[in-house]
Protein chains: 2
Amino acid sequence: MIKGKITIHDISKALEIDSSTVSRALNNSPRVSKKTKTKILKKAKELGYQRNSLASKLRTNRSNTIGVIVPRISRHFFAAVISGIEETAYDAGYDVIICQSLDNYEREKKLVETLLANRVDGILISISMETTNYSHFKNYIDNGFPIIYFDRPCEVDKNTNVIINDFKASFEATEHLILNGCKNIVHFSGPQSTTLYQKRCKGYKAALKKHNIPLRKEYIIESNLMENDGIENAKKVLKLPLVDAVFSANDKAAISAMQYLKTKNIKIPEDIAFVGFSNEPISAVIEPSLTTVNQQDFEMGKVATTLLFEQINNKSSINETKILEPELIIRNSSIKK
Amino acid sequence: MIKGKITIHDISKALEIDSSTVSRALNNSPRVSKKTKTKILKKAKELGYQRNSLASKLRTNRSNTIGVIVPRISRHFFAAVISGIEETAYDAGYDVIICQSLDNYEREKKLVETLLANRVDGILISISMETTNYSHFKNYIDNGFPIIYFDRPCEVDKNTNVIINDFKASFEATEHLILNGCKNIVHFSGPQSTTLYQKRCKGYKAALKKHNIPLRKEYIIESNLMENDGIENAKKVLKLPLVDAVFSANDKAAISAMQYLKTKNIKIPEDIAFVGFSNEPISAVIEPSLTTVNQQDFEMGKVATTLLFEQINNKSSINETKILEPELIIRNSSIKK
DNA sequence: ATTTAAAATACAATCGATTGTATTTTAAAT
DNA sequence: ATTTAAAATACAATCGATTGTATTTTAAAT
């Protein structure tokens, strides 16, 4: 902390103008004459005045700040959502505090508490994979605290969620493989405690059903979809007969599986075709380039933030779920020649 | 903002205990009896009390919060540095506010102001590429405000910088190419306004000199090292005679150049070997995998944060520059068989 | 039962800005 | 020159927590 920070009272004393007038001048209130404003602004600059936002927020009971909690900022999808959030927020004159939960429940809980203690006006959150207990949100929701869930929805009680149509995306991804001649399609699924992965799995099943392909339980491999899970999954795939395609619920597992299979001289897509999910930057670079689902990241950030501001300003929690339409990006990993 | 938030005064009234005692109890002061503490804590929980950090910070003149400004949170290097920062900070009981400047000077300036207005106890920053004017820092440095520069140092006046040995890393990267039989090595250089890229360029030159390879000016291609710059650089390389290797000052440009050259049937590393810089995750995945420099990201975050806390607590700005040793990660793109 | 020191609690000011109300100043109208 | 309304400024309380000092309570010692 800098010692001897300049306050409005220092300006007040220096000019022999009451601090209330100084405050109003700095906030460009019409109640202060132009002449006085000029004088005050000049002196403020001269003294190196810097507003103390803490005091201002305390007094006004408004922080003009929103908090964002994502599992991991380095994930391209979340970084892109954050870009959308920041753009919308800055346009509205709001600051954004970015936090990462690292998919850890305890940490997420602490972050929520810290944000609330700092009196953010609202929170945008993509809940951690570990989170199954929503009590750390519930207290605030009941009070009408503005909070919006994105990507990973919170489906207890009435909340506002912004998600993509995971079912449809998965359905289309799987159907795309079927239309390219694949019949024995393995699904790399994520933790079924997460509704998002449930939906992706359902989309996969529905596509099989539509095309009269019998569902084989051993073709659904559940894991946390981390890099290492992809390798383990790939080993399992090699032990299954006939597999000619994989639809992975995220890119990371798809990519590590592809890399492992390549070392085993499996040809992609000729032997096994691949479709991922999320459109991570690596998916465009790997060989063959990975067919994947674009999740409308930037758009999701904008939509979620707009909804949050509606809640903050109207105080009417609307409790809607916005569903964005995903887009299948077809690259080389899924087209059998 | 939630209406009717519970304050210590509500607890005070409910229990007929003075608010000062309530405050001390909540902060676990030894001046409050155990019996009273239990009573207060119970009531606080019952009423759903949540500390107002704004008021607390205002009064104590300590925010227990540090600010971090990086060009872009999605860049793997910065995300890893942030992990190191957060780990160190949380252990010390500090909160971390993460901001991204998007390499934009105006935005960076605004972020610094916002952090200061919110009275962070110190700032960790990797300055934006656009920044050549340091006046937005200078005011605070002069006041002894704790600020540490990492990766991209601020080399005006006396500051504390945490950087890697860019010269040595580049020297070794270039020498590695030479030792693998390359003689006509192009350098993709970054903006020379940034000392970091100056140093990388000097390392390249020094390695050539040591091995008696004449320096050719047209072999140094300066750009912003973005994806598109890599492609443009690759086109220039194709027009130069004899080139058998490229040392790029970052991975991004190296990777897009490699991709472009592959479409032109240039074999990597046989025709042109490549070495990058930063160890982006993509570098391990691209084919051939890219030899690159590991920048000690996580370690850098830890060291920078530790230095910051020294400044915050001792008030003695030490003004040192810590130089971390980089590590060359040798992969397939640089080994001519 | 009284004195005394320590423990526990209450009082009151404070951090820096904001804002409703009161007062003073200015300028227009007579 | 005086009245009057509007404009400009000053006064004073407030946001919620903290903290040095004063007071009260408790418990030990006589």
Side-chain angles (χ1 to χ4, degrees), chain A residues 1-41 43-44 47-65 113-114 116-121, chain B residues 1-41 43-44 47-65 113-114 116-121:
Chain A
M1 207 75 229
I2 299 173
K3 262 196 185 175
K5 267 268 182 190
I6 303 301
T7 71
I8 54 169
H9 300 103
D10 297 313
I11 301 172
S12 167
K13 267 181 218 156
L15 296 173
E16 296 193 308
I17 294 176
D18 190 80
S19 57
S20 63
T21 302
V22 174
S23 169
R24 287 196 171 91
L26 293 170
N27 288 307
N28 200 22
S29 154
R31 276 175 60 174
V32 181
S33 71
K34 266 192 191 160
K35 211 172 116 192
T36 311
K37 270 185 198 168
T38 318
K39 211 156 62 169
I40 290 173
L41 256 40
K43 182 59 81 176
L47 296 177
Y49 170 78
Q50 286 195 120
R51 165 207 295 262
N52 186 328
S53 293
L54 302 173
S56 172
K57 290 174 181 177
L58 175 62
R59 180 57 230 259
T60 59
N61 206 25
R62 262 229 164 198
S63 68
N64 266 56
T65 303
E113 278 167 14
T114 303
L116 289 168
N118 284 288
R119 297 298 187 266
V120 293
D121 294 329
Chain B
M1 208 74 230
I2 299 174
K3 260 197 185 174
K5 265 273 183 190
I6 303 300
T7 72
I8 53 170
H9 300 103
D10 297 312
I11 301 174
S12 168
K13 266 181 217 157
L15 297 172
E16 296 194 306
I17 294 175
D18 190 81
S19 57
S20 62
T21 303
V22 174
S23 170
R24 287 196 171 92
L26 293 170
N27 288 307
N28 200 22
S29 154
R31 277 175 60 174
V32 181
S33 71
K34 265 191 191 163
K35 211 172 112 192
T36 312
K37 270 184 196 167
T38 317
K39 213 157 59 169
I40 290 172
L41 255 40
K43 182 59 81 176
L47 296 178
Y49 170 78
Q50 284 194 119
R51 165 207 296 262
N52 186 328
S53 293
L54 301 172
S56 172
K57 290 174 180 176
L58 175 62
R59 180 56 230 260
T60 59
N61 206 24
R62 261 227 165 200
S63 69
N64 265 58
T65 304
E113 278 167 14
T114 304
L116 289 168
N118 284 288
R119 297 299 188 264
V120 294
D121 293 329

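Sequence lines set the chain letters: A, B, ... in the order given, protein chains first and strands last, and positions in each chain run from 1.
- Going from atom CG of B:Leu15 over to atom C1' of C:dA10 covers 15 Å, rounded to whole Å.
- A:Val32 comes within 4.0 angstrom of the backbone, heavy atoms only, and of no base.
- Toward the 5′ end of DNA chain C lies the nearest nucleotide of B:Lys34, the other residue of the pair A:Ser56 and B:Lys34 mapping further downstream.
- With a cut-off of 3.5 Å on both Watson-Crick or G-U wobble distances, the partner of D:dC15 is given as C:dG16.
- Summarising the base pairing, C:dT9 is matched to D:dA22 through a Watson-Crick or G-U wobble pair whose two defining distances lie under 3.5 Å.
- A:Lys43 contributes no side-chain N or O that, together with a main-chain N or O of A:Tyr49, makes up a donor-acceptor pair within less than 3.5 Å.
- Side chain of B:Asp18, nearest nucleotide from C:dT19, C:dC11, D:dT21: C:dC11.
- The separation between A:Ile11 atom CD1 and D:dT9 atom C1' is 16 Å, rounded to whole Å.
- When heavy atoms are screened at a 4.0 angstrom cut-off, A:Ser53 is found touching no nucleic acid atom at all.
- Of the possible donor and acceptor atoms, one in the side chain of B:Thr38 sits under 3.5 Å from a partner among the backbone N and O of B:Lys34.
- In the model, B:Lys57 has a side-chain atom that pairs as donor or acceptor with a side-chain atom of A:Asn118 under 3.5 Å.
- Taking atom CG of residue B:Asn27 and atom P of nucleotide D:dT19, one finds them 8 Å apart after rounding to whole Å.
- Here C:dT18 is the nucleotide among D:dG16, C:dT18, C:dG16 with the atom lying nearest to any side-chain atom of A:Ile8.
- Protein atom NE2 of A:His9 is 13 Å distant from nucleotide atom P of D:dA10, rounded to whole Å.
- Here the P atom of nucleotide D:dA17 and the CG atom of A:Leu54 are 14 Å apart, to the nearest Å.
- Remark: P of C:dT18 and CG of B:Leu58 are 12 Å apart, rounded to the nearest angstrom.
- A:Ser20 contributes a side-chain N or O that forms a donor-acceptor pair with the base of D:dC11 under 3.5 Å.
- Looking at heavy-atom distances under 4.0 Å, A:Ile17 makes contact with sugar-phosphate atoms alone, never a base.
- Distance check: B:Ile17 CD1 to B:Lys39 NZ gives 4.5 Å after rounding to the nearest 0.5 Å.
- Across all strands shown, A:Leu26 has no heavy atoms under 4.0 Å from either base or sugar-phosphate atoms.
- Closest to the side chain of A:Thr21, from the set C:dT18, D:dT18, D:dT9, is D:dT9.
- The listed nucleotides are D:dT19, D:dT21, D:dG16; the one nearest the side chain of B:Asn52 is D:dG16.
- The CD-P distance, from A:Gln50 to C:dA17, rounds to 11 Å in whole Å.
- Of all non-hydrogen atoms in B:Gln50 and A:Arg119, the two that sit nearest each other are O-NH2, 3.1 Å.
- Phosphate contact (OP1/OP2 of C:dT18, side-chain N/O of A:Arg51, threshold under 4.0 Å): present.
- Look at B:Ser19 and you won't find any side-chain N or O under 4.0 angstrom from OP1 or OP2 of D:dT18.
- A donor-acceptor contact under 3.5 Å links the side chain of A:Arg24 to the base of C:dG20.
- Judged by Watson-Crick or G-U wobble contacts below 3.5 Å, the nucleotide C:dA27 has D:dT4 as its partner.
- Looking at A:Arg31, its side chain comes within 3.5 Å of the base of C:dT21 through a donor and an acceptor atom.
- For A:Asp18 and A:Ser20, the side-chain atoms include at least one donor-acceptor pair closer than 3.5 Å.
- Among the nucleotides C:dT19, C:dA10, C:dG16, the one closest to the side chain of A:Ser23 is C:dT19.
- The interatomic distance linking B:Lys37 (NZ) with C:dA8 (P) rounds to 9 Å, in whole Å.
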